[in-house]
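Accompanying notes for the structure given below.
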Amino acid sequence: MTAESTARTPRRSSKRTSAKKSADSTKTATAAKSATAAKMGPAQADGPELVQLLTPEGERVEHPDYSIDLTPEELRGLYRDMVLTRRFDAEATTLQRQGELGLWASLLGQEAAQIGSGRATNPDDYVFPTYREHGVAWCRGVDPTNLLGMFRGVNHGGWDPNENNFHLYTIVIGSQTLHATGYAMGVAKDGADSAVIAYFGDGASSQGDVAESFTFAAVYNAPVVFFCQNNQWAISEPTEKQTRVPLYQRAQGFGFPGVRVDGNDVLACLAVTKAALERARTGQGPMLVEAFTYRMGAHTTSDDPTKYRRDEERELWEAKDPIQRLRTYLEKTGAADDAFFTALETESDALAKRVRDAVRNMPNPDNMAIFEHIYADGHGLVDEERAQFAAYQASFAEEGN
């Protein structure tokens with residue numbers, strides 16, 4: 001028998017045995033992983049070590065590479081930021097359900113990642129958000145009510161990006177990382193000692209724009225921090241269907257460092273982002289921060305997460321709630337008393353009322369504006385669609401009579 005014929009001879013018995021062993025080992029590994037996850041939770045059981053300074057039980061721990069020392073007043077400030085951001089977000093979701101907004105992208109569960117990283121920025125740093133960074137906007141001094149006009153359809157953003165160095169929300173997935181990289185390259189050429197931070201999600205990490213921005217940032221040593229909020233669901237697709245390695249490890253292939261941080265730990269997010277931004281400011285180039293967190297709500301108000309994920313998963317992450325975690329620590333250490341929490345609740349109610357009043361006092365969107373400025377000289381098909389839509393809108397008024 002020749003070597004060629006030997007190579008072509010199928011070894012069915014070995015294949016069956018191998019397949020059975022593989023299946024058995026897979027079952028064993030899956031069972032072990034499930035058991036570990038049940039005890040530890042996804043953040044620890046997922047594998048890679050992550051930077052953590054405050055455990056889900058509210059215990060303060062240290063990390064050899066990242067540390068932070070905050071006063072009780074600063075700790076209360078972080079807690080206040082998260083509580084008010086969550087209340088604003090909840091109010092916006094309710095307003096959308098009431099028909100006051102066309103859409104809303106909730107940040108529920110991601111408050112620590114946003115407040116921690118947002119408070120790490122300096123005033124002259126520049127921020128490029130996606131469409132969910134309501135907490136970062138709060139940290140940059142953007143009035144929350146200004147975030148709502150675009151979702152109501154009455155403006156294209158509602159704030160001047162240069163007033164707070166906070167760019168307008170970006171709906172196109174991943175494109176803001178290119179904008180941030182280009183801006184950072186300009187900052188470097190100008191010789192400024194400021195940094196740029198770009199926010200994106202785990203879903204956006206699959207976009208080519210993000211890979212291109214990594215390439216340019218690395219080659220030009222741009223002072224940019226890529227902050228990925230890995231909330232583990234790109235709409236209905238889990239992270240494991242997008243990547244074979246933890247997201248932060250992708251940075252190594254482009255030639256700059258990456259780190260995974262507990263995205264539900266506001267102290268760790270603050271410490272890691274502060275270090276990454278300082279690294280960028282001092283000419284050491286880009287860095288990728290993966291905030292491992294969880295989207296406790298829907299992707300947007302047009303999404304139904306019950307169709308693709310289990311209630312048990314959410315319940316597991318609710319036990320790691322970033323706000324309750326910090327509150328437990330504040331109470332244990334005596335850094336906050338009942339008077340503080342009561343006053344904050346009153347302030348939260350006042351913010352909610354201000355948001356409701358602001359939205360309801362906004363003008364109604366011009367429903368026909370979507371047909372304007374499509375073609376310079378007009379177009380027959382657009383005219384036909386405009387007429388059909390106008391008739392559709394008029395039918396509601398007729399029904400009301």
How close do [X] and [Y] get, counting heavy atoms only, and between which atoms?
{"X": "Ala105", "Y": "Phe151", "answer": "N-CE2, 4.4 Å"}
{"X": "Gln96", "Y": "Trp104", "answer": "CG-N, 4.1 Å"}
{"X": "Pro322", "Y": "Gly109", "answer": "CG-O, 3.9 Å"}
{"X": "Arg76", "Y": "Leu330", "answer": "N-CD2, 4.4 Å"}
{"X": "Ala198", "Y": "Ala180", "answer": "CB-CB, 3.5 Å"}
{"X": "Val136", "Y": "Val127", "answer": "CG1-CG1, 3.9 Å"}

I'd like to check [X] versus [Y] (side-chain heavy atoms, cut-off strictly below 4.5 Å). Are they in contact?
{"X": "Glu384", "Y": "Leu381", "result": "yes"}
{"X": "Gln324", "Y": "Thr328", "result": "yes"}
{"X": "Arg295", "Y": "Leu108", "result": "no"}
{"X": "Asp143", "Y": "Trp159", "result": "no"}
{"X": "Asn165", "Y": "Pro123", "result": "no"}
{"X": "Asp262", "Y": "Thr55", "result": "no"}
{"X": "Leu270", "Y": "Leu70", "result": "yes"}

_Which residues share a side-chain contact (heavy atoms from CB on, under 4.5 Å) with Asp311, sequence neighbours left out_ =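 Here the qualifying residues are Glu315.
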*For Ser67, which residues count as a side-chain contact (heavy atoms from CB on, under 4.5 Å) partner, sequence neighbours excluded?*
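With sequence neighbours excluded, Ser67 shows a side-chain contact (heavy atoms from CB on, under 4.5 Å) to Glu62, given in chain and number order.
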*What residue pairs, at least two apart or across chains, pass salt bridge (Lys or Arg N to Asp or Glu O under 4.0 Å) with a residue in residues 148-167?*
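Only Glu100-Arg152 qualify under salt bridge (Lys or Arg N to Asp or Glu O under 4.0 Å).
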Counting distance only, does the side-chain N/O of [X] pair as donor-acceptor with the main-chain N or O of [Y] below 3.5 Å?
{"X": "Asn264", "Y": "Lys320", "answer": "yes"}
{"X": "Thr121", "Y": "Ser117", "answer": "no"}
{"X": "Ser205", "Y": "Val210", "answer": "no"}
{"X": "Glu345", "Y": "Ala343", "answer": "no"}
{"X": "Asn221", "Y": "Gly283", "answer": "yes"}
{"X": "Asn122", "Y": "Asp124", "answer": "no"}
{"X": "Glu74", "Y": "Thr71", "answer": "yes"}
{"X": "Arg140", "Y": "Asn164", "answer": "yes"}
{"X": "Arg86", "Y": "Ile323", "answer": "no"}

_Set out, in order, the CA-CA distance, both residues' side-chain angles and the distance that settles side chain to side chain donor-acceptor pair (under 3.5 Å) for Ser106 and Asp89, then state yes or no._
CA-CA 6 Å; Ser106 174; Asp89 180 65; 2.6 Å; yes
Would you compute the distance between atom [atom1] of [X] and atom [atom2] of [Y] and round it to the nearest 0.5 angstrom?
{"X": "Glu111", "Y": "Arg325", "atom1": "CD", "atom2": "CZ", "answer": "12.0 Å"}
{"X": "Glu240", "Y": "Gln232", "atom1": "CD", "atom2": "CD", "answer": "8.0 Å"}
{"X": "Glu290", "Y": "Asp202", "atom1": "CD", "atom2": "CG", "answer": "8.5 Å"}
{"X": "Leu267", "Y": "Asp265", "atom1": "CG", "atom2": "CG", "answer": "5.0 Å"}
{"X": "Thr239", "Y": "Phe292", "atom1": "OG1", "atom2": "CZ", "answer": "7.0 Å"}
{"X": "Ile68", "Y": "Lys274", "atom1": "CD1", "atom2": "NZ", "answer": "6.0 Å"}

*So which of Glu91, Lys353, Arg80, Arg87 actually passes side-chain hydrogen bond (donor to acceptor under 3.5 Å, both in side chains) with Ser348?*
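So, applying the side-chain hydrogen bond (donor to acceptor under 3.5 Å, both in side chains) to Ser348 and each of Glu91, Lys353, Arg80, Arg87, only Arg87 qualifies.
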Ignoring hydrogens and angles, state whether a donor on the side chain of [X] or [Y] is under 3.5 Å from an acceptor on the partner side chain.
{"X": "Glu313", "Y": "Tyr294", "value": "yes"}
{"X": "His299", "Y": "Arg132", "value": "yes"}
{"X": "Thr300", "Y": "Tyr131", "value": "no"}

Under the rule for side-chain hydrogen bond (donor to acceptor under 3.5 Å, both in side chains), what residues qualify as partners of [X], not counting sequence neighbours?
{"X": "Gln176", "answer": "none"}
{"X": "Arg314", "answer": "Glu318"}
{"X": "Gln110", "answer": "Gln229, Asn231"}

The criterion is ring-ring contact (aromatic ring centres under 6.0 Å, His included); which residues satisfy it with [X], sequence neighbours excluded?
{"X": "Tyr126", "answer": "Phe128, Tyr183"}
{"X": "His63", "answer": "Tyr66"}
{"X": "Phe254", "answer": "Phe214"}

*Taking the six-membered ring for Trp, are the ring centroids of Phe88 and Trp138 within less than 6.0 Å of each other?*
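Centroid distance Phe88-Trp138: not below 6.0 Å, so no.
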*Go through the steps to decide whether Tyr308 and Asp303 satisfy the test side chain to side chain donor-acceptor pair (under 3.5 Å), and finish with yes or no.*
CA-CA 10 Å; Tyr308 55 82; Asp303 171 43; 2.7 Å; yes
Atom pairs and distances, donor-acceptor, side-chain atoms in residues 167-174, under 3.5 Å, two or more places apart:
{"unit_1": "Tyr169", "atom_1": "OH", "unit_2": "Glu133", "atom_2": "O", "d": "3.4"}
{"unit_1": "Tyr169", "atom_1": "OH", "unit_2": "His134", "atom_2": "N", "d": "3.2"}
{"unit_1": "Tyr169", "atom_1": "OH", "unit_2": "His134", "atom_2": "ND1", "d": "2.8"}

*Any ring-ring contact (aromatic ring centres under 6.0 Å, His included) pairs touching residues 318-364, not counting sequence neighbours?*
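Every pair satisfying ring-ring contact (aromatic ring centres under 6.0 Å, His included) with a residue in residues 318-364: Tyr79-Phe341.
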*Carboxylate-amine/guanidinium proximity below 4.0 Å for Asp357 and Arg354*: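 Arg354 and Asp357: not salt-bridged.
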Contacts table for residues 275-282: side-chain donor-acceptor under 3.5 angstrom, sequence neighbours left out:
{"unit_1": "Glu278", "atom_1": "OE1", "unit_2": "Arg281", "atom_2": "NH1", "d": "2.9"}
{"unit_1": "Arg279", "atom_1": "NH1", "unit_2": "Gln284", "atom_2": "O", "d": "3.0"}
{"unit_1": "Arg279", "atom_1": "NH1", "unit_2": "Gly285", "atom_2": "O", "d": "3.0"}
{"unit_1": "Arg279", "atom_1": "NH1", "unit_2": "Pro286", "atom_2": "O", "d": "2.9"}
{"unit_1": "Arg279", "atom_1": "NH2", "unit_2": "Gln284", "atom_2": "O", "d": "3.1"}
{"unit_1": "Arg281", "atom_1": "NE", "unit_2": "Asp125", "atom_2": "OD1", "d": "3.3"}
{"unit_1": "Arg281", "atom_1": "NH2", "unit_2": "Asp125", "atom_2": "OD2", "d": "2.7"}
{"unit_1": "Thr282", "atom_1": "OG1", "unit_2": "Glu278", "atom_2": "O", "d": "2.9"}
{"unit_1": "Thr282", "atom_1": "OG1", "unit_2": "Arg279", "atom_2": "O", "d": "3.1"}
{"unit_1": "Thr282", "atom_1": "OG1", "unit_2": "Gln284", "atom_2": "NE2", "d": "2.9"}

